[in-house]
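FYI, the numbering just counts along the sequence from 1. One-based numbering, in listed order, for ligands and for the atoms of each.
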Amino acid sequence: MRVSNFPLSTLKEVPADAEIISHQLMLRAGLIRKLASGMYTWLPLGLRTLRKVEAIIREEMNNAGALELLMPSVQPAELWQESKRWDQYGPELLRFHDRHQREFCYGPTHEEVITDIARRELRSYKQLPVNYYQIQTKFRDEIRPRFGIMRSREFIMKDAYSFHETQECLENTYQRMHQAYTSIFTRLGLAFRAVDADSGSIGGNSSHEFHVLAESGEDAIAFSDSSDYAANIELAPVAYQANTNPGTKLAIEKVATPTEKTIDDVSKALKVEKKQCIKMLIVKAEDQGVIAFALRGDHELNPIKAEKIDGVFKPLTMATDAEIESSLSSTPGFIGPLELPCRVIVDYAASVLENFICGANEVGFHFRNANWPDVAKLEKADLRSIQEGDPSPDGQGRIQIKRGIEVGHIFQLGDKYSRELNASVLDQNGKDKIMTMGCYGIGVSRVVAATIEQNYDDQGIIWPLSLAPFQLSLIPINMAKSEMVKSFCEEIYQRLSEKGIEILFDDRNLRPGMMFADHELIGIPHRLVVSERGLKAGSLEYKSRTDKDSQNIEVGNIEAFLLNALTLNHLS
Ligand code: ATP
Ligand code: MG
């Protein structure tokens with residue numbers, strides 16, 4: 001492609017509202033433009049990369065035996081009413097009427113539509129399993145669209161849905177999708193982890209998220225330093241570790257802490273580490289009263305775990321100061337777990353503390369050397385998020401924490417939708433049997449942003465060859481003035497294009513520095529610079545996007561050199 005026919009839209013300035021690097025670079029390199037909040041146009045340059053991501057996904061899905069179809073993006077309300085999600089989905093679902101006042105939504109996902117297809121088209125167990133997929137636009141009215149196309153309202157998803165007669169068959173397809181996703185993200189050149197998303201269960205296999213590791217990721221992932229164990233930090237269970245070496249219980253003392261209300265203040269004033277203090281969090285209970293959580297001062301309550309506890313009001317809601325005063329006769333800042341007149345649930349780590357500091361349930365006082373009257377009788381629970389250095393829940397190694405961007409999600413749905421929509425086939429005995437389903441999503445557009453998060457430098461994007469909008473930059477120096485440069489460039493452009501190399505030929509006659517800056521920002525992996533001086537000396541200047549310096553290649557060897565560089569890079 002000649003730049004004269006392919007206008008570049010690069011920007012020098014970092015756009016003010018772009019917080020993360022991929023968003024900044026996608027705008028600066030001219031891959032996307034914002035239309036409205038969470039809605040973006042893919043410019044020709046960006047679309048070339050998006051299409052490459054799609055092509056890799058399509059190829060691997062086809063290899064795994066999935067069948068591509070294309071469903072409408074607008075969906076009738078009736079199907080959502082049948083699945084009961086019309087009322088459950090909430091404001092992320094964009095709803096509207098047609099001219100006949102019939103209700104519709106813009107599809108945020110396609111379980112309903114595909115289950116409707118399956119119940120109409122699939123008759124017999126002999127046709128199963130079937131795994132349908134599409135690559136298509138979704139709309140979710142996200143509460144906080146942000147980071148460009150990373151969390152947008154309109155985005156492109158590859159969504160697949162499989163149908164089975166048995167759970168065993170579903171598990172086979174699920175494993176196949178797990179492998180297909182591994183191949184996809186490997187081919188995309190991403191550093192990723194498959195993360196157990198099965199709430200709480202260790203080694204559970206009914207849902208996995210695929211995360212690209214990046215500082216800007218919205219999710220924190222806990223993984224073992226010595227096994228495959230990986231889980232979302234919100235879900236990773238923390239095991240109970242008994243105190244195998246109990247110490248001597250000291251005599252409890254009441255100490256004055258007139259102004260010290262926070263763990264920070266108390267630990268400073270009493271000169272003890274925060275992990276030796278008990279922190280109390282009071283939440284509403286389902287029965288109108290309150291429930292107290294006791295945690296170590298250096299630990300944070302995990303709201304997802306807390307909300308799952310029976311009797312805790314859902315959604316998890318902190319009690320107000322007035323509620324605390326009236327139900328506990330205690331004052332926030334001085335609440336302690338001992339003899340508190342409500343249900344007290346103690347985090348595992350807090351339950352093994354000895355000689356700790358805690359509120360004395362009296363304004364202006366804390367206890368020093370407090371101990372649990374009877375550890376065995378405490379109501380203990382896993383209340384905190386796992387931390388770096390904790391033992392891995394699978395018993396192997398210690399936990400490390402990194403941030404991740406969720407790019408894919410595979411899920412064993414079971415019969416949730418097929419039962420509601422009565423999607424059945426005839427089994428071996430000629431009887432109706434409700435099908436079992438799996439679903440498998442990839443955020444196609446998000447993958448583009450996630451790839452940039454892992455591949456950039458101060459100059460701009462560094463595309464892996466498989467996703468680069470162009471593979472080679474052809475940059476002539478002073479072409480307007482040099483017939484020699486012009487004819488050489490035209491010829492090599494022709495020859496290499498015929499070999500299938502995607503070239504961005506910068507025929508703009510700009511200063512070299514400006515052209516270099518644009519091509520580096522765009523992230524084209526290979527660059528060939530053609531100058532009259534070089535040609536006269538019989539050489540051309542080549543640089544890969546990741547090299548610091550360029551190298552001179554003999555004119556006669558250039559074609560072989562480039563073909564080699566492009567193929568080698570391709571394989572790596
Ligand atoms: P998230 O937790 O990020 O909101 P989700 O659980 O809602 O994701 P799924 O319903 O599993 O996501 O959708 C499948 C994939 O679609 C996700 O793994 C993600 O890569 C992508 N995706 C979801 N929401 C968005 C969005 N708002 N913008 C871009 N991609 C998205
Ligand atoms: Mg979501």
Margin query: One pair to check against side-chain contact (heavy atoms from CB on, under 4.5 Å): I452 and L31. What are the steps and the verdict?
Written below: CA-CA 12 Å; I452 297 175; L31 307 187; 4.2 Å; yes
Residue pair H409, H208: steps toward the ring pair (Phe, Tyr, Trp, His ring centres under 6.0 Å) verdict
CA-CA 6 Å; H409 192 180; H208 284 84; 9.4 Å; no
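- Using bins of under 30°, 30° to 60° and over 60° for the plane-to-plane angle, the ring pair Y174/Y440 lands in the tilted bin.
- Between R48 and E502, at least one side-chain nitrogen of the basic residue sits less than 4.0 Å from a carboxylate oxygen of the acidic one, meeting the salt-bridge criterion.
- Aromatic rings of Y161 and F411 (six-membered ring for Trp) have centroids beyond the 6.0 Å cut-off, not under it.
- Protein residues with a heavy atom under 4.0 Å from ligand 1 are R140, E142, I149, M150, R151, S152, F155, M157, E406, V407, G408, H409, G443, R446.
- Ring to ring, F185 and F210 are close: their centroids are under 6.0 angstrom apart.
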